[in-house]
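First the structure, in the form of structure tokens, and then the observations on it.
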Amino acid sequence: MTWQQCQAVISRRSELPHGHILLGLKAPPVAARARPGQFLHVRCGGDGWPLLRRPFSLAGILPAEGEVELLVRRVGKGTAWLASQPVGQVLDVLGPLGNGFPRPWQKQKQGDLLGVAGGVGVAPLVPALLEAARTGWDVGLLLGAQDAPGLLLVERLRASGIDVSTCTEDGSYGRQGLVTELLAERLPGASLVFACGPPGMLRVVREMTTAVECYFSLEERMACGVGACLGCACQSGDGYHLVCRDGPVFSAREVQL
Amino acid sequence: MTWQQCQAVISRRSELPHGHILLGLKAPPVAARARPGQFLHVRCGGDGWPLLRRPFSLAGILPAEGEVELLVRRVGKGTAWLASQPVGQVLDVLGPLGNGFPRPWQKQKQGDLLGVAGGVGVAPLVPALLEAARTGWDVGLLLGAQDAPGLLLVERLRASGIDVSTCTEDGSYGRQGLVTELLAERLPGASLVFACGPPGMLRVVREMTTAVECYFSLEERMACGVGACLGCACQSGDGYHLVCRDGPVFSAREVQL
Amino acid sequence: MIDLTVDIGRLRLKNPVLTASGTCGYGREYAHILDLNQLGGIMVKGTSLVPWAGNPAPRVVETPAGMLNAIGLQNPGLDYFLHTELPWLRQFDTAVVVNIAAHQIEEYAELARRLDNAAGVAALEVNISCPNVRQGGLSFGSDPLTAHRVTAAVRQATSLPVIVKLTPNVTDIAALARAVAEAGADAVSLINTLLGMVIDVRARRPALGNIVGGLSGPAIRPVAVRMVWEVAGAVSIPVIGMGGITCAEDALQFLMAGASAVAIGTATFANPRAPFEVMKGMAAFLQEEGFTAVSDIIGLARRGIA
Amino acid sequence: MIDLTVDIGRLRLKNPVLTASGTCGYGREYAHILDLNQLGGIMVKGTSLVPWAGNPAPRVVETPAGMLNAIGLQNPGLDYFLHTELPWLRQFDTAVVVNIAAHQIEEYAELARRLDNAAGVAALEVNISCPNVRQGGLSFGSDPLTAHRVTAAVRQATSLPVIVKLTPNVTDIAALARAVAEAGADAVSLINTLLGMVIDVRARRPALGNIVGGLSGPAIRPVAVRMVWEVAGAVSIPVIGMGGITCAEDALQFLMAGASAVAIGTATFANPRAPFEVMKGMAAFLQEEGFTAVSDIIGLARRGIA
Ligand SMILES: Cc1cc2nc3c(=O)[nH]c(=O)nc-3n(C[C@H](O)[C@H](O)[C@H](O)COP(=O)(O)OP(=O)(O)OC[C@H]3O[C@@H](n4cnc5c(N)ncnc54)[C@H](O)[C@@H]3O)c2cc1C
Ligand SMILES: Cc1cc2nc3c(=O)[nH]c(=O)nc-3n(C[C@H](O)[C@H](O)[C@H](O)COP(=O)(O)OP(=O)(O)OC[C@H]3O[C@@H](n4cnc5c(N)ncnc54)[C@H](O)[C@@H]3O)c2cc1C
Ligand SMILES: Cc1cc2nc3c(=O)[nH]c(=O)nc-3n(C[C@H](O)[C@H](O)[C@H](O)COP(=O)(O)O)c2cc1C
Ligand SMILES: Cc1cc2nc3c(=O)[nH]c(=O)nc-3n(C[C@H](O)[C@H](O)[C@H](O)COP(=O)(O)O)c2cc1C
Ligand code: FES
Ligand code: FES
């Protein structure tokens with residue numbers, strides 16, 4: 001039921017544009033129980049440096065293979081270390097952590113799920129979109145990025161029958177503009193929206209989705225990742241929620257951004 | 001004349017017994033001016049961890065090849081990192097540092113140099129012994145270790161015409177006992193003694209060598225390695241000497257152990 | 001077999017390793033992976049009379065070999081603790097030390113009174129680093145007189161062992177320790193976090209929502225060991241040492257400096273089994289070095305010095 | 001071109017980056033690799049009236065993201081400085097700040113008097129973390145009254161700019177800063193090292209010959225930034241910030257917290273060009289972020305807060 005501390009072996013790695021990297025991790029206990037929207041808390045570096053673990057969303061859940069995937073964006077020392085590890089490297093991970101997305105497709109035969117993501121924010125949506133699509137839901141993804149190479153995992157999602165619309169800020173691929181502009185057009189058909197991206201984007205998504213159920217995957221600085229330190233607070237109507245334990249997925253209406 | 005900060009590339013590495021490692025470093029500016037007994041101050045690890053550099057004696061000086069060698073004993077995080085670096089790895093080093101051994105062989109045609117070393121303490125002696133032997137001096141080395149595998153670089157030194165006598169504490173090779181017992185026998189022939197090893201050993205060597213010129217290569221915790229921090233003090237008759245700048249080689253009579 | 005028991009005044013611990021307050025919640029989060037029965041004790045999250053909401057985000061930021069936290073003592077309040085957390089904790093055979101937090105002396109006393117008869121509470125740890133509202137937010141722990149008053153009030157209100165937790169943000173921590181010892185503390189614990197801050201230079205503002213936070217982790221260990229050394233030389237009551245302990249060797253530094261027990265905080269975030277590993281490693285060290293009881297090494301490094 | 005000049009009271013620095021006292025000797029060791037002309041200034045090794053021998057070895061030990069030192073202010077004394085080091089330093093176009101150390105107030109005053117007319121001295125930095133022999137070894141800097149007296153004595157003895165260097169081992173560093181500002185200091189510099197210790201558990205004794213030492217390096221940076229923040233909010237004289245700076249971003253934290261200049265200490269040991277790289281990186285940051293002068297970012301993170 002709960003999380004484990006386990007050793008995950010890097011089974012494959014591929015370099016994606018703009019310093020992103022996709023890691024396959026052999027971690028059967030995690031893969032067996034992970035739900036879309038959950039995350040791993042990964043020890044990056046050796047011998048106590050950096051001090052704290054780093055949280056990464058599960059960008060792929062493959063229970064049959066005993067594998068999960070992480071999509072990592074290099075932004076600092078922890079991610080630089082992680083992204084440079086070779087296949088075969090053993091990682092110390094805690095997981096699966098967090099609540100995960102709601103999965104109405106397990107009960108309802110039909111529905112229209114729309115994902116909205118900016119950049120690496122696509123990571124937590126991937127397993128949710130794939131699962132919903134597999135159960136027969138209509139699934140779309142609106143993906144925005146700075147430029148064409150920043151549109152990650154698009155081919156993979158399209159290959160799984162997901163209707164991906166893209167836009168780039170520089171117009172180098174898809175429409176030029178922000179992903180929220182696409183949302184204005186595509187929202188009417190959707191019964192459920194999942195979004196992940198910068199707070200500015202999420203605020204606009206929230207304003208636009210007052211009439212439809214909408215969930216966000218949030219990020220906050222974490223220490224423990226398991227609800228023990230109370231470090232990852234995010235403000236809600238009534239006090240603070242913990243992103244690591246009560247989230248990272250929250251109803252768009254319950255959190256302040 | 002003075003030290004440089006330069007990039008040294010690991011050109012070769014060999015594993016020696018008991019976790020020791022011999023590194024060849026391509027570092028022409030260092031190799032060109034290094035003298036036996038000097039050391040390198042090496043940045044171990046990346047991105048500011050560990051914080052301070054680690055000092056290592058030059059165990060080989062090969063100006064023609066533009067190379068120097070380090071003999072490294074794994075004792076903690078810095079040496080563990082250094083010992084695990086692959087060929088091709090670039091190291092940030094300061095050097096050559098320190099005073100080095102006196103070199104009477106540059107003026108005197110003949111002499112009897114006797115090295116006395118315990119374990120990895122052989123490192124700073126190697127280039128001195130080799131240089132003296134090349135100029136025609138009679139050179140001997142008394143080397144002690146815990147056991148047979150701990151007798152490092154013996155073959156190399158013998159191949160260069162150095163008369164190596166060994167002893168081990170467990171009797172597994174050479175005589176059983178301490179290197180200072182060998183010294184009692186060999187001392188009469190020697191005109192000059194160089195020693196490096198644990199303080200206990202050096203104290204005995206000092207007592208035995210009152211009648212002959214004797215120099216020690218000392219170790220002390222270092223921060224800067226260049227005489228700026230005054231961190232590596234060793235007590236002498238008149239106040240403190242700095243191991244990094246006034247040493248690491250000291251006349252046996254001028255320092256307290 | 002090494003005898004690992006230590007006595008913190010009247011409180012006997014099965015071994016000298018506890019979890020530090022605020023880093024292990026009320027024990028639930030790690031209980032499935034860290035067997036609390038194996039530990040000397042658990043010092044629970046700082047608990048106040050009524051629930052406290054805590055500080056705005058971000059509440060944590062990493063620093064070199066450390067972290068800053070500005071949780072703001074978020075906690076569900078004493079009633080919740082007594083009705084929900086304490087009964088759950090009673091299942092474990094370990095010392096439950098309740099860390100109490102307040103903004104006024106009477107609140108500390110009231111907490112002590114209400115915890116006095118609570119079954120399953122082994123001791124109180126009084127967090128005097130809290131801001132004193134009557135003194136304009138200055139910490140109770142920064143002035144010996146105020147610290148004495150808080151301790152005396154708690155002492156009067158309970159028959160439980162009273163451990164006073166000292167703040168390191170003072171000129172003379174030994175004076176503080178003497179003051180609380182005089183006021184009747186059974187033991188002191190130290191150190192709480194060092195006040196620090198980080199500025200996010202791209203955002204051009206402090207990285208923490210609360211501006212300043214408490215520094216913990218290996219970075220502060222040398223300060224913590226030094227303060228334990230000073231305090232152990234200044235008072236005769238037992239000292240519980242903490243601050244940056246990650247492994248047995250770190251913990252042994254505190255014991256040899258004069259602490260009778262240690263607590264593990266920040267290290268647990270990186271390694272949830274750290275408290276257990278410290279305890280095991282400590283036993284292995286004692287064995288290796290030929291000791292028969294952990295009490296033999298308390299203050300060992302002071303011999304011939306202080 | 002970014003305007004990097006800053007004013008520390010009457011002292012104009014060509015840029016806000018100095019080397020911290022005791023970490024760059026008298027400049028000689030690094031001069032061939034670190035062009036002193038490129039720096040705002042050099043704060044030389046603490047100098048006393050007569051030569052001081054310093055402490056027994058070991059004097060340094062590494063700690064997580066930091067180091068402890070217990071050099072004991074070994075230095076060749078004022079005469080040697082005046083006759084040998086200062087003439088050599090005059091060749092550089094940089095501010096030479098002389099850090100002075102003493103065990104009695106009259107010695108501080110005497111040092112100040114004798115340095116007053118020395119050509120090539122830009123300012124004095126008064127290290128008040130030294131133990132006060134008349135007060136049983138308590139540091140001059142741990143009590144506002146004593147700090148005031150030292151500052152006033154130095155102020156009277158010299159017309160040079162007086163920078164008072166504060167110790168972080170106090171409950172209220174802002175009070176100290178106010179005391180020395182009132183006594184006539186032109187600026188304060190902070191932080192000196194945090195008192196710490198390490199125990200060698202195999203040897204069963206303190207790792208330093210002097211038992212305790214001063215903690216420096218990245219580990220202490222959050223404490224240093226917080227104290228600079230507090231002090232800059234408490235006094236109107238300029239602040240020189242230091243403690244764990246390794247790169248431009250670290251230095252910018254201090255400037256945005258309210259410091260007018262920064263000093264680089266421990267980082268130089270690992271990277272002898274660190275002061276130069278900090279200066280260059282700072283200029284690059286300002287350029288990137290559209291500033292024209294470094295003075296524009298002093299205290300920037302305080303806007304709307306304090
Ligand atoms: C629930 C959750 C899921 C996440 N999923 C992913 C993912 O799938 N892929 C991915 O690449 N990243 C993800 N992140 C962000 C990732 O954790 C951070 O990028 C990482 O911790 C940075 O570590 P670092 O050592 O490289 O950076 P640092 O050197 O620590 O910092 C570099 C920069 O990153 C920022 N940063 C540091 N930590 C965080 C954080 N926790 N959240 C946001 N920004 C941070 C810092 O402010 C700084 O500007 C997720 C974060 C959370 C909380
Ligand atoms: C002038 C000089 C020349 C040296 N030459 C060599 C050499 O040729 N080959 C070699 O293997 N080692 C040499 N050393 C010792 C080497 O510098 C240390 O072993 C190394 O710094 C340890 O780093 P670490 O991070 O692995 O150990 P740490 O994790 O820092 O410490 C591990 C253990 O090593 C001890 N230690 C740490 N630093 C030193 C030090 N400077 N001197 C002695 N003990 C220390 C610690 O007390 C601890 O017990 C030399 C030291 C000096 C001062
Ligand atoms: C996230 C966090 C929360 C903390 N909460 C409390 C608390 O509620 N009460 C308290 O007395 N100390 C609290 N502390 C301080 C720790 O108990 C401990 O004294 C300090 O962190 C030093 O130990 P460490 O370096 O091992 O973490 C907290 C520390 C952290 C990191
Ligand atoms: C080896 C060493 C020697 C020092 N000597 C002095 C000194 O003589 N006078 C002084 O005021 N500060 C001295 N300091 C303190 C530094 O100037 C500086 O305040 C402190 O180290 C914090 O900066 P850092 O973390 O960048 O090193 C010394 C620090 C170190 C590490
Ligand atoms: S990160 Fe510790 S409670 Fe969420
Ligand atoms: S190590 Fe700095 S003076 Fe020798």
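Every chain is numbered from 1 and lettered A, B, ... according to where its sequence line falls, protein lines coming before strand lines.
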key: Pairs of heavy atoms under 4.5 Å with chain D: top-ranked of C/Thr246, C/Asp250, C/Leu215, C/Val170   =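 Of C/Thr246, C/Asp250, C/Leu215, C/Val170, C/Val170 has the most heavy-atom pairs under 4.5 Å with chain D.
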message = At a heavy-atom distance under 4.5 Å, which candidate from C/Pro222, C/Gly66, C/Gly304, C/Ala224 has the highest pair count against chain D?
response =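 The answer is C/Pro222.
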Tell me, for [X] versus chain D, whether the close heavy atoms (under 4.5 Å) come from the side chain, the backbone, both or neither.
{"X": "C/Leu195", "result": "both"}
{"X": "C/Ile305", "result": "side chain"}
{"X": "C/Val212", "result": "side chain"}

query = Run the side chain to side chain contact (heavy atoms under 4.5 Å, CB included) check on D/Leu68 and C/Arg226 step by step: do they pass?
reply = CA-CA 11 Å; D/Leu68 287 176; C/Arg226 185 264 299 182; over 6 Å; no
ask   = Considering only heavy atoms, which portion of D/Ile211 lies under 4.5 Å from any heavy atom of chain C: side chain, backbone, both, or neither?
value =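 When you check distances to chain C, only side chain atoms of D/Ile211 fall under 4.5 Å.
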key: Portion of D/Val201 that has a non-hydrogen atom of chain C nearer than 4.5 angstrom   =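 Looking at D/Val201, backbone and side chain both touch chain C.
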inquiry  = For the CD atom on D/Glu249, are there more than 12 heavy atoms of other groups (residues, nucleotides or ligands in this structure) within a distance under 6.0 Å?
reply    =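 No, CD of D/Glu249 has 12 or fewer neighbouring heavy atoms, counting only those of other groups under 6.0 Å.
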task = Look up atom CD1 in C/Ile199 and atom CG in D/Leu300, then write down how far apart they are to the nearest 0.5 Å.
result =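 The CD1 atom of C/Ile199 sits 9.0 Å away from the CG atom of D/Leu300.
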query = CG of D/Leu176 to OG1 of C/Thr171: how many Å apart, nearest 0.5 Å?
reply =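 With rounding to 0.5 Å, CG (D/Leu176) is 7.5 Å from OG1 (C/Thr171).
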request  = With chain D as the partner chain, list the residues of residues 251-270 of chain C whose heavy atoms fall under 4.5 Å from it, by residue number, and write 'none' if nothing qualifies.
outcome  =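 When heavy atoms of chain D are the reference, residues 251-270 of chain C contributes C/Leu252, C/Gln253, C/Met256, C/Ala257 within the under-4.5 Å range.
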Quiz: residues 285-295 of chain D side-chain donor-acceptor pairs under 3.5 angstrom, not counting sequence neighbours:
unit_1: D/Glu288; atom_1: OE1; unit_2: C/Arg202; atom_2: NH1; d: 3.0
unit_1: D/Glu289; atom_1: OE1; unit_2: C/Arg204; atom_2: NH2; d: 3.0
unit_1: D/Glu289; atom_1: OE2; unit_2: C/Arg202; atom_2: NH1; d: 2.9

ask   = Shortest non-hydrogen contact from D/Ala301 to C/Pro206?
value =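 Reported closest heavy-atom pair: O-CD, 3.7 Å.
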